[in-house]
Q: 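For reference, the structure I am asking about is given below.
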Amino acid sequence: MEKSLTRNLLSNLFSRQNKPSCFHTKACLIQQLQECNRFISLTSVHSEILKSGFLSDTFAVNNLINCYIRLQKTLDARHLFDEMPQPNVVSYTSLIAGYINMGQPQTSLWLFQKMLGTSVIPNEFTFATVIKACSMIADLVTGKKIHALVEAVGFQCNLVVCSSLVDMYGKCNDVDGARRVYDLMGCKNVVSWTSMIVAYAQNAQGHEALKLFREFNYLLKDRPNQFMLASVINACASLGRLVSGKVAHGAVIRSGHDSNDVVASALVDMYAKCGCISYSDKVFRRISNPSVIPYTSMIVGAAKYGLGRFSLELFKEMIERRIEPNDVTFVGILHACSHSGLVNEGLEHLNSMYWKYGIVPDAKHHTCVVDMLGRTGRLDEAYHLAKSIQVDPNAGALLWGTLLSASRLHGRVDIAVEASKKLIESNQQVANAYVTLSNTYALAGEWESAHNLRSEMKRSGVSKEPGCSWIEIKDKTYMFYAGNASLERGSEVLSLLRELERKMKEKGYVRGQTGLAFIEVEEETEEQIVGLHSERLALAFGLISIPKGITIRIMKNLRMCKDCHDVFKLISEIVERDFVVRDINRFHHFSNGSCSCRDFW
DNA sequence: ATAGGGTTAG
């Protein structure tokens, strides 16, 4: 690359072309640099600068560096920078930003460190840029050091610097840190508000995100833009709040942002997570040129509904439209195959993802496949696969946790023991491992082992939060704790739910495999609400085991079933009376999924 | 030369 650059420079240097006289004045050269968007014309201007002797002019070289960076020639920019006798703050900041644009935040932080050893003082542009580098790699330690420097140098009142600090703390999972900076800001704009909303939304505090959004609208400082709306829709999705999500959708339509790809993706995801896959589909089909992300949202949404075939069709369609899938798309596809029992299709996709699409399967893909094999009872293959994968401790916890659940589902004590060992050894999900293993022993009738494990847990002080599931309707949150069957008329509900499960099995419900359904719903009818309640109640009773991520699919032909209707009615009454939680703020730590249901003791 | 948004396995 360097050689070709030199060649171009030389050929331009010695060519005798008729150039307008203005070409040689500094102002003109710089204007040409700012308008330049092709590498070949850049080298020509570069050689003119060289000829005119402006290479010793910091301002001119800074413009040259920026032009190289704009054309993603970071290495050339670096060579120029290294040759500068007196790089100034702009030279440093430009190159630092260049490394960030090339996806090298570490290098940009290294250069910043070097800059601190010189007499060049960073300014607000430099700070905003390096803070972004910390956000990208979630480096809170460095972020805090830079924050201290910001205060020392006196930029703590700068709008852009503070907005990037809010974002940095949020991305590093320090929500309180983000809020502290946010509260100290003298003036805020849409960006600062959005950064704070995102900090909440991405740290399982969706309620706070929505609260801030309401505050923003109440103050009516500005109209929400597409960035803010996408973030708010994301918060609604994580909470499963259909009503708020629809309000946000209304705002999107009114403000004309509905054709925005990012906003549309957020809507597709939100409707799917709120249980309205048909709405997701409607929004999705209105996107004129969907990119890989809305396609992936739709694939994942369908997969979670047990519509595995639909996911695969969407995948085929996007390939036909020459949209390149990414690693997340394959997570969705493998998830779809896993949850719809399409094992052969899943294995084919795993095997072809690299040679057909150039995506190397990593731990998350293998975890999906372990889950897929495990669900259908192919535990030995799943175990074999899990053993063959190199993983870091976090990914390992997911991998072995997945295998452990599958072992329990099929009563394979031997593999459950091995998977639990791995979890306990790695000091990850220890309580989960104990509980699941004990449940597996119990399932296999090995009561003594189950009991011993419980005693061991008590002795070593390992405890597990009870599983919890919730549904929000209007402004109320209904919480169900797993295994809590001690409510009034509990046995009555239990027998009705058993009957319901029997009917579900008649309709093809397979334990641990396909999400199935209670009732067909057009709009937000009473039936839907009751249907959702009964799903969660059933979970609470431990009666049906629906692995997290499977959403109950809604089936038309159950609508007329009178028995079901009676169940819903009864459950509805009980739920209204016994399950209203008034202080929703207490449950923030659960809010990373609207239908989470953990294992319980 | 600077800040903010969407999809991820259990």
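Excluded from the calculations below are hydrogen atoms, water molecules and symmetry mates; all remaining heavy atoms, backbone and side chain alike, are included. Within every chain, numbering begins at 1; the chains are lettered A, B, ... in the order of the sequence lines, protein sequences first and strands thereafter.
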Q: Taking the basic N atoms (NZ, or NE/NH1/NH2) and the acidic carboxylate oxygens, is any pair closer than 4.0 Å for A:Lys364 and A:Asp327?
A: yes
Q: Whether the A:Ser94 and A:Asn66 side chains hold a donor-acceptor pair (N or O, under 3.5 Å, no angle test) is what I'd like checked.
A: yes
Q: In dot-bracket, 5' to 3', how would DNA chain B read with Watson-Crick or G-U wobble pairs under 3.5 Å, [ ] for crossing ones and | for pairs to another strand?
A: ..........
Q: List the steps and the verdict of ring-ring contact (aromatic ring centres under 6.0 Å, His included) for A:His249 and A:Tyr279.
A: CA-CA 11 Å; A:His249 191 177; A:Tyr279 281 42; 8.3 Å; no
Q: Can you see whether A:Ser265 engages A:Ser297 through a side-chain donor-acceptor pair at a distance of less than 3.5 angstrom?
A: no
Q: Expressed as a whole number of angstroms, how long is the span from A:Leu385:CG to B:dG10:P?
A: 14 Å
Q: Taking only Lys NZ, Arg NE, NH1 and NH2, and the carboxylate oxygens of Asp or Glu, determine whether A:Arg285 and A:Glu317 approach each other closer than 4.0 Å.
A: yes
Q: Should the pair A:Lys211 and A:Phe213 be classed as cation-pi, given the thresholds of under 6.0 Å to the six-membered ring centre and 45° from the axis?
A: no
Q: For nucleotides 1-8 of chain B, read 5' to 3', which letter fits each nucleotide if B means a protein heavy atom sits under 4.0 Å from the base, S means only the sugar-phosphate is that close, and - means neither?
A: BBBBBBBB
Q: Starting at CG of A:Leu399 and ending at P of B:dA9, how long is that distance when rounded to a whole Å?
A: 15 Å
Q: Give a yes or no on whether the ring-centroid distance for A:Phe81 and A:Tyr92 is below 6.0 angstrom.
A: yes
Q: Is the centre of the A:Phe315 ring less than 6.0 Å from the centre of the A:Phe330 ring?
A: yes
